[in-house]
Structure formats: C-alpha cells, structure tokens
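Beneath this line is the structure, given in structure tokens, with notes to follow.
Naming convention: chains lettered A, B, ... in sequence-line order (proteins, then strands); numbering from 1 in each chain.
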Protein chains: 2
Amino acid sequence: MTEKRTKNVTIIEVARLAGVSTATAGRVLGGYGYSSESIRDKVREAAEKLGYRPNLLARGLITGKTQTIGVVAGDMESPFYASVLRGIADVARSRGFGIVVTNSDEILQREREAVQLLTEKQVDGMIVTPSDLQTAQHLREIVAAGCPIVQIDRLVHGLEADAVTVDNAQGAKACIEHVIAAGHRRIGLISELEQFAAGDLKSFIDLEAHGRVDAATLYPSWQRLVGYLQAHREAGIPVDLDLVRRVGAYSAEAAKEETLDLLQGNGRPTALFTTDGLMSAGTMDAISELALDLPQDLSLICFDDLEWMRFLRPGISAIAQPLNEMGRTAARLILARINGDTSPFQHQILAPSLRVRGSVAPLKAEGRQGSTRPERRKSAKA
Amino acid sequence: MTEKRTKNVTIIEVARLAGVSTATAGRVLGGYGYSSESIRDKVREAAEKLGYRPNLLARGLITGKTQTIGVVAGDMESPFYASVLRGIADVARSRGFGIVVTNSDEILQREREAVQLLTEKQVDGMIVTPSDLQTAQHLREIVAAGCPIVQIDRLVHGLEADAVTVDNAQGAKACIEHVIAAGHRRIGLISELEQFAAGDLKSFIDLEAHGRVDAATLYPSWQRLVGYLQAHREAGIPVDLDLVRRVGAYSAEAAKEETLDLLQGNGRPTALFTTDGLMSAGTMDAISELALDLPQDLSLICFDDLEWMRFLRPGISAIAQPLNEMGRTAARLILARINGDTSPFQHQILAPSLRVRGSVAPLKAEGRQGSTRPERRKSAKA
DNA sequence: CTGAAAGCGCTTACAG
DNA sequence: CTGAAAGCGCTTACAG
C-alpha cells in the first residue's frame, strides 16, 4: 500500500543477466544496431524474465526525439476539436507516437504557455490552431528554433509552416447555392465574424465585391461570408445587408439574440444559413422560442461538423467539415517533417464533404409568415 | 529552410555566462535549492540573454517525475470522453502538468498497448476508463509497480485503485420517477446492456428483484437498468419485460431498430427512457422515421451528457452526467497520489446533475396512439 | 550559500 | 558483430 514506486529494471541488469555489455543489450532491445541471433535471444529472454520496459525519457534525451506530437487545440471538449484530435491520435498511434494535448481557449496568452510547455517537454513537432493570425511571435520562434509546426483551420500571416484548412468559402457557397436552388431569395446569415482588422461589415462586403479580399488569410467565419456573397453574386441576387448578421462573439447566446432580432424584424428571411455548430445551436434556440416549424416556416442550413449533425432535427440541412481528415492530414504532415522532409511548405485545403442531412424545403407561396407572430414568443416554453 | 534543429541552450552555457557552477545555475533555474539574490539575478539574466529553456526530459530522468498524466479514453471524439478530458486537462494545466491521451475504443488489446506506451513514457499516473472489468492484468501490474491509477466511469473488480463514477442507478431512477409522476405507466427502456456475464435479461431482473445484484460492479447501462427497476418497484408498477429493450451493442443503428420494433408492436409504451446519448440518437432516428410527434405521441427522457443535450429537440427531457467534474475529480485524485498521498483508496460517486431540458408531457387520455400507425413509417422521408 | 563529482537510463561513435 | 567509454541535460548528495 505504502510502497514507493518500485525501481525499474534497466538495461544494465538485463545486460548482466544475459552476460553481455549494456551496449549490446541496448542494440537488441532498442532495435538499432547489429546483433547476432544467439545474442538477440539471450538478451530478449533476460529482458522478459526481468520484465524490462524501456525508459523513453532516457532514449529521448540522447536521441533528441521523443516520438511525441504536441497539440494546441482551442477546446478539446468541442466537437470540432474533439474530431480533429481523434484524427491526429489515430495517425500518431499507427506510427508509435504519443500526443500531448492542451487547450488555448483561443486565448493568446494561454496558447503561449501551452507552446512553452510543449517545447520544454521536447515534443518533436506541434499541431496548432493559432488564436491570433497576426501576433504569433511564439510560433515564429519555435519554427526558427527548428521545431516543425502544422497549422490547422487557420493561417498565421507569413508563418513559414505547413497548414491544413477547410475550403470554407467553397463550402459556404455550396450551401447557399443549395438554398437558392430551392427557390429562396432572402437568406439570412448568422455568423461569428468576430475579428477583422480592417473595419466594419459594410466595408468588408464592399471590398469583397471588388475582389479586394484575399480569402486565404481570413478567419473561417469571414471566409464563409465570402462564399455567401459569391453565391449571391453568381446567382444575380443582391445582398440585403439587413440579412447579414454579425454575432461578434463565439457564443450561442449571442447567436440566439441576433437570430431573434432578425426573425422578429421586418423583411424576414425565408431561409437561414448558420456558419458553425455553435451558431446553429443558438439559432435553433431562437427558433424554438419563436415556436417556428422547420422547414415549413423557415429553412435552415448549417455549415457544421459531422458529429453535431447527428443531433440536428430532421428538416435541417447541413454541410459537414472533414474534421477527422483534417487531423489525420496534419499528423501526416508533421510526421513527414519530423522524419526530415525538407520540401517546400504545403497548404492543404480540404473540400468540405457534402454530407447533407435533410433537404432544404422548396420555397412555398407567401402567406405562411404571418402565422408566426412575435407574440407567440415563449409559447413553446410552457 | 533546411537548417537542422538548432542546438538548445543548456544549463552549462548559462552557468558559464553567469560565472557560476552548473549546480548553482540549476538551483536557480530549477528553483530547488538555496541561492543568494545576487546570484539569482546573474543567472536569470544569463538565461534570459541566451534564451534558455529547461529540458524536462533530463529533469524527468533524474527526478523520476515527468509532471505528466497519462489518459486512456475510450474515444476522445465522443462527447462523453471529450468532456471528461477537458476536466482533466483543466486541473492538469492549473498544476503545471501535461496530459498524454490515447484511445482504446473500448478494445482490451488497444488499452494494453496504450498503457504500455504511457508506462514507457514514464507518466506519473494514469486515468483510465477500463474496457474490461474482469481481465485487467495490465492495470494490476502497473498498480503493483507503483504507478497510481484512477478509474473513471467503471470499476475493475478488485482493483486497488481510486475511482470516480456517476451514480447511474440513482440518476436513472430519478428519470423514471419523473416520468411516473407525469402519469406514465408503460415506460419503454432502450439500453445498451451489452456485457453481463451472468446470463440473460430475465435472470438479471429476477436477481435484482431479490436484492442479489451489486450495482457497484456493473457496467453503467446495467446500473441504469437497476434504477429503472427500482423506480417501478417503489411506485408499485410491475415491469413489463416487453418494454425493456436490450440493444446489445453500443450502436445508434441497433438502437433505432430496437426502438422501431418496440413502437410498432402491440402494447406500445407512452414514454421512452434511453440510457445514453448514442441510444438517444438511434431512438430519435426511429421516432423521425415513424413521424411521431414529441411529446404528444410519445414522451422521451434521456440519461445523457450535457454537451449532447444542447441538440435535443424541445419536449425531450434529459438528465445530464457531470462529465467535466468527473474528469476534474479524477485529476485531483491522481495528483494527490502522485504527491505521495497514501490514504485508503477512494471511490467517489458523483450525483448526476438534474439539468433537465424540457419537461415530460403529462399522460393524456387514450385515443392518440391509433393516430400513428406503422403504415406511416417512412412517410417522414419524403 | 556554492562547487566538484557522480549519476538518471539509455545511445553513439570508436575500436576491436 | 561486440564492448569500453563518453555523454544527452539535468539534479542530487556531499563537502566546503
């Protein structure tokens, strides 16, 4: 009960029992040098008998490799990161690597501390979802120090490192085209759109219309807005600014408020596009509160994650991000770098897989909208 | 571009620049011995100037502590484990620990390999959700070797280690009482109930009725069945065996089939209790397929996770497991052991937090059931 | 309070 | 193919 940690069997004891040098025992057990078959057997037998387990710390100290990938996620509890992590873990496991994971909560300072911890733990490489796309001094430093890193989901401006992202503009565009094909013309957008250095929504939309926006360097929700705008432009449908709702925070509650405001105002949309799982959750709360029927009163389409889709009510369409694949790709890239790959940096852009669940209701004749008035609000919460 | 990993600054170089011995430099930088203020400043300055970062591998090799917790989860992508992991990560971070995580997929062999990897990486302790409650030789071995472990969610028979579980019987009982209070008498159960050594469902129910079942050593879904049975007994409602559905696999598809069979048979229940998130998902699929209205046609209550609850349709009740708390508790326990706590092993049983979303519809007069006939099946999939 | 020496458990050249 | 020696970057007694 109170025994201290039993002393581990070391290579020295195995060597002694096998009657060989520690160097030889090490070669057999570590699988790295030449050794004759007879010696191999002797050493293995001795190791087995003593219950020898290699100490990867010692090996790592000397080889400079820990067979470990460090991961800085935003929040591993969210379906997004959980799925990405699973992809990373699968590839790591198949290659004999471990992963040490941390959460940044998208807070720069926390990300710095995480990177620091991972560095001190001597991980062979890092996979990170950068919190800040401008200031990323800590990332530039470790890259300069020779630690390979792979960015996921976002690109730090001018960081010389591999990256894996989803084609957000393309995916969002596909969603909107889907809805337009069903006859909708007034499509509301509920989107985070939190950080954008260059000003307000209006300016951004103007810039985009003139082709002055580089989608690759934007935060995902802004990229999805670009897809929304593109689809409208190509279909010849003017964008009503009132329909484009910038929630301004990654918060379901805020998304709910924004949706309520949109749906209770004049000129209500006939369809709604939410740009991620959390926005969808908030929007659905609003829809419940207003006691709207989907998709009769309102069509809803979400840019979402496969995991979350399971919980969507029937009648809601969604396009899923290939999150496992994003994790797997990132892990493969980092492992290649760890193994000495020095080819130019890659930016892999994954196409969202169009796993649509439910279909968008075709736009019906007018008249239904009046049936659900703001006065009915809260009626669902009997 | 092709530079090799730049050689790290070591304590030796810092010591040289500061004009002190490596032992002294180590004491300052490692914060473990005495040192005068003037020397502290000199050393820190030198370290700063050279960009010194400690190598935790070397420290770990010598101290025998890595400040790392190993975690064997079933599947970190699932909301259950994702939430537990988050709890663990939060406590670990606050104490300066890292976590290395692995997935077992509830497969014993994979769990063994995971434990092996973590052992070789010299984690200070492990948190594991055991895949098999009988055969757990690998766990007994590492415990015997002095590596503390904390079990989560399940208890290995006779394993001398701390554990954190949820009071499943109690939670399930609360659910059923909730439904009974609303007037329901025919309450269907959709549950995994996969592994149970001692035979079939009927035998189990008989055993339980005679108080011959020790809930503590059961798999969670069986514990939830116990709560279902207890609530019936205390309310004086006989259990109809036809209503108790053993899905026999942790599969949403299988849960769906079982639900369809139950709802399309004679003597349909007026309420349904699902014992976890995956069962709920399958059940909801079945309900959609039958085009049933919730809670008008059927009341549904789920034993579930907070994360998943967000996606439940209004009108569905659910009781949530405190998963973050389970992770946090486990992390605190393992840290205490790592710090030398030798008190008797604890088994902490967390009460499910009654975060009910939506309420159970009171049972209405008869007559509604006929309105949804099996013929309507698939009608929702227009 | 500080330093010289030994050592954690392995791997790596270098001889043989 | 095998062994003796050195060393990875730290910490730990042990003297002073």
Side-chain angles (χ1 to χ4, degrees), chain A residues 4-44 46-47 50-68 119-124 145-146, chain B residues 4-44 46-47 50-68 119-124 145-146:
Chain A
K4 26 189 101 106
R5 190 145 188 165
T6 26
K7 216 165 163 312
N8 277 321
V9 179
T10 74
I11 227 170
I12 298 181
E13 294 150 67
V14 175
R16 192 173 305 150
L17 179 61
V20 299
S21 71
T22 60
T24 300
R27 275 188 281 258
V28 175
L29 269 11
Y32 48 82
Y34 301 94
S35 50
S36 66
E37 213 169 296
S38 61
I39 284 218
R40 268 205 293 274
D41 291 345
K42 261 200 304 192
V43 172
R44 291 214 181 101
L50 296 174
Y52 170 79
R53 295 285 135 224
N55 182 330
L56 265 28
L57 248 45
R59 181 179 294 171
L61 182 58
I62 201 163
T63 61
K65 296 288 174 196
T66 52
Q67 308 260 88
T68 303
T119 306
E120 297 182 356
K121 283 195 182 296
Q122 312 295 123
V123 299
D124 297 332
Chain B
K4 27 189 99 109
R5 191 146 188 165
T6 24
K7 216 162 161 315
N8 276 323
V9 180
T10 73
I11 227 170
I12 298 180
E13 294 149 67
V14 176
R16 191 173 305 149
L17 180 61
V20 299
S21 70
T22 59
T24 300
R27 277 189 280 258
V28 175
L29 269 12
Y32 49 83
Y34 301 95
S35 50
S36 65
E37 212 169 298
S38 61
I39 284 219
R40 269 205 292 275
D41 291 345
K42 259 199 304 190
V43 173
R44 291 214 181 100
L50 297 173
Y52 169 79
R53 297 282 136 225
N55 181 332
L56 264 28
L57 248 45
R59 180 179 297 171
L61 182 58
I62 200 160
T63 61
K65 296 286 175 197
T66 52
Q67 308 261 90
T68 303
T119 307
E120 297 182 356
K121 284 195 180 297
Q122 312 295 122
V123 299
D124 296 332

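Position along DNA chain D of the nearest nucleotide to B:Ala58 versus B:Ala23 favours B:Ala58 as the more 5'-ward residue. Comparing A:Gly30 and B:Ser36 by the nucleotide of DNA chain C that holds the closest heavy atom to each, the one mapping nearer the 5' end is B:Ser36.
Taken together, the paired segments of DNA chain D that extend over three or more consecutive Watson-Crick or G-U pairs, each closer than 3.5 Å at both contacts, are C:1-3 with D:14-16, C:5-12 with D:5-12, C:14-16 with D:1-3.
Once you apply a 4.0 Å limit to the heavy atoms of chain A, the touched nucleotides of DNA chain C run 5' to 3' over C:dG9 to C:dA13.
A:Glu120 and B:Arg53 get closest at one heavy-atom pair: OE2-NH1, 4.2 Å. When all heavy atoms of A:Pro54 and A:Arg59 are compared, the pair lying nearest together is CB-NH2, 4.1 Å.
More than 12 heavy atoms of other residues, nucleotides or ligands sit less than 6.0 Å from atom CZ of A:Arg40.
Among the atoms of the strands shown, none is found under 4.0 Å from any heavy atom of B:Arg40. A:Leu56 comes within contact range of no nucleotide atom at all, as no heavy-atom separation falls under 4.0 Å.
Counting heavy atoms from C-beta on, the side chains of A:Leu29 and A:Val14 come closer than 4.5 Å. Considering only heavy atoms from C-beta on, B:Val28 comes within 4.5 Å of B:Arg44 through its side chain. You'll find the side chain of A:Leu61 reaches within 4.5 Å of the side chain of B:Asn55, heavy atoms only.
Under the rule for a side-chain contact (heavy atoms from CB on, under 4.5 Å), the partners of A:Thr66 that lie at least two apart in sequence or sit in another chain are A:Thr68, A:Gln122, A:Asp124, B:Leu57.
Note that CD1 of B:Ile39 is 15.5 Å distant from OH of B:Tyr34, once rounded to the nearest 0.5 Å.
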